[in-house]
2 protein chains.
Amino acid sequence: MAMTRRTATETRELIRATALRLFAERGYDATTMRLVAQEAGVAVGNAYHHVASKDVLVQELYLEVNRTHVAVARERLQPGDLGERLRTTWHAALDVFAPFHRFGAESIGAAVRPGSPASPFSPASAPSAELARGLLADVVDGATPRVPADLRDDLVAALWLAHLGVTAAWVHDPTPDARRTRELVDAAAPLVSRLVRLARLPVAHGVAGDVLALVGRWAPHPSGGAA
Amino acid sequence: MAMTRRTATETRELIRATALRLFAERGYDATTMRLVAQEAGVAVGNAYHHVASKDVLVQELYLEVNRTHVAVARERLQPGDLGERLRTTWHAALDVFAPFHRFGAESIGAAVRPGSPASPFSPASAPSAELARGLLADVVDGATPRVPADLRDDLVAALWLAHLGVTAAWVHDPTPDARRTRELVDAAAPLVSRLVRLARLPVAHGVAGDVLALVGRWAPHPSGGAA
DNA sequence: ACGTTCAGTTGAACATGTTCAACACGACAT
DNA sequence: ATGTCGTGTTGAACATGTTCAACTGAACGT
């Protein structure tokens, strides 16, 4: 009697929300597509009609986590030393990632396969990557000591790679509360600051520029910067 | 009448060889465990009795490829500049990897999942990693300019990470003959040389040591070095 | 001879990501 | 009313990695 049909967007959102909830509750492996469909009250085939693959749902989760990270980091960031700002940013990431550690360990595998939409370099994860790069650009721009203008873009690209590195370390980190990774961040962040300072000296500026240019050619640049 | 049974090692080797052949012929996805079993003339269950999982077979392939790489690189290496030696080493890697590009793109996904034995950091791939680190240690030790002794171990660890980076770039590189990755290598190798030279200056030695120490704490060291 | 043992072997069965041909039903023209 | 159309939906079917209980046969003690 009542209309049983839904609009495509509604169903898709229903599936997405269900999947994200289940991911958080039970991890990647235990979140079966059949379970997602059942919990969402749709047929398996229907889920696949609206969502291309399980990878896409992972992707949606990454995006949501990234959004939260950016929000939390922006709230905590204070003007000042670049190293300190990086430290804040990365600790914020670890705080936001925390509930998904089990998930990360289980699913990151799918996230690095080149064809897959979950690879950080793939076009499908461009939104997530762009979010992170935008945040890092702000971190750099609002920091003292001032970063040499000619290095700025490439530095942001390099920091994004470093961010991926921190994430990778976190995934492999079995210590409680990611203590090891936090130590890494605490040691690495001030080092970045020192390296930037070093890059202003004439002896080092050339090499620094070349290193960053190389990295920049291989990692995507932030497109917009801050709003 | 004749004995149909085989020793465990024989069967295992048969399965291993068949799998490696099929991997090279048809890539990762097309090499089904059922196909491996069939081509090896055993039952599926038997294959699993001798080989824990498909990942393990991938691992065996990695090991074989690594062995070849080390051999080829050792043959080509000439005494001289560190950058040039790195260039030789990495180009050798790309040459050896070449036939498996399709394979790499298909299977690397499984190679980065932390639990999986295929992760470069996992104990299961320690032999492969050790092989590569040993080679890089030789590259460093036989190079001029002489690398400061206190940096040597950590530098090798860092170069191993760089080697993983080169591999990752190669996996994602769609250009013919991995041209893009070769450009990366051609640019990165001399930079390493310059950085090492820079690290001898008093202004930079401190930071360089700290950076390498940080990397060294996070990447495994070579255990033995050259024979 | 006969039973026991045990390494090696078998194939069916299971779980899961994914595909597909068919179905349901509201809207809309006639 | 009736037929047509298209979006949303269904569940069975498929491929594949993996598991498991049962089987085989050679070796060996008695």
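Convention: sequence-line order gives letters A, B, ...; per-chain numbering from 1.
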- Task: Ignoring backbone atoms, establish whether A:His50 has a side-chain N or O less than 4.0 Å from OP1 or OP2 of D:dT9.
- Result: yes
- Any salt bridge between A:Asp153 and A:Arg133, counting N to O under 4.0 Å? no
- Could you state the atom-to-atom distance from CG of A:Asp55 to P of C:dT16 in whole Å? 17 Å
- Task: Just call it for A:Val44: base, sugar-phosphate, or nothing, with non-hydrogen atoms closer than 4.0 Å on any strand.
- Result: base
- Separation of D:dT24 P from B:His49 NE2 (nearest whole Å): 17 Å
- Message: One thing to verify: whether B:Glu183 and B:Arg180 come together as a salt bridge, which I'm taking to mean a side-chain N less than 4.0 angstrom from a carboxylate O.
- Response: no
- When rounded to whole Å, the CZ to P distance for the pair A:Arg26 and C:dA15 reads 15 Å
- Item | A:Leu35 CG - C:dA15 P separation (whole Å) | 14 Å
- Verify the contact: side-chain N or O of A:Thr11 to OP1 or OP2 of D:dG8, cut-off strictly under 4.0 Å; return yes or no. no
- Give a yes or no on whether a salt bridge exists between B:Asp154 and B:Arg217, defined as a side-chain N under 4.0 angstrom from a carboxylate O. no
- Task: Determine, for B:Arg67 against B:Glu64, whether the closest basic-nitrogen to carboxylate-oxygen distance falls under 4.0 angstrom.
- Result: no
- Message: Assuming nearest nucleotide by heavy-atom distance, tell me which of A:Thr32 and A:Gly45 is located more 5' along DNA chain C.
- Response: A:Thr32
- Over how many whole Å does the gap from A:Ile15 atom CD1 to D:dG8 atom P extend? 12 Å
- Task: For B:Gln38 and C:dT9, give me the distance from atom CD to atom C1', rounded to whole Å.
- Result: 17 Å
- Query: How long is the line joining CD of A:Glu10 and C1' of D:dT7, in whole Å?
  - Reply: 13 Å
- Tell me: CG of A:Asp29 to P of D:dT18, nearest whole Å? 12 Å
- Item | Any side-chain heavy-atom pair of B:Thr181 and B:Trp90 under 4.5 Å | no
- Query: Think A:Asn46 has a side-chain N or O under 4.0 angstrom from the OP1 or OP2 of D:dT10?
  - Reply: yes
- Query: Picking from C:dT18, D:dG17, C:dT9, which would you name as closest to the side chain of B:Arg34?
  - Reply: D:dG17
- Item | Side-chain N,O (B:Tyr48) to OP1/OP2 (D:dT19) below 4.0 Å | no
- Task: Compare side-chain N and O positions of A:Arg6 against OP1 and OP2 of D:dT9 and report whether any pair is under 4.0 Å apart.
- Result: yes
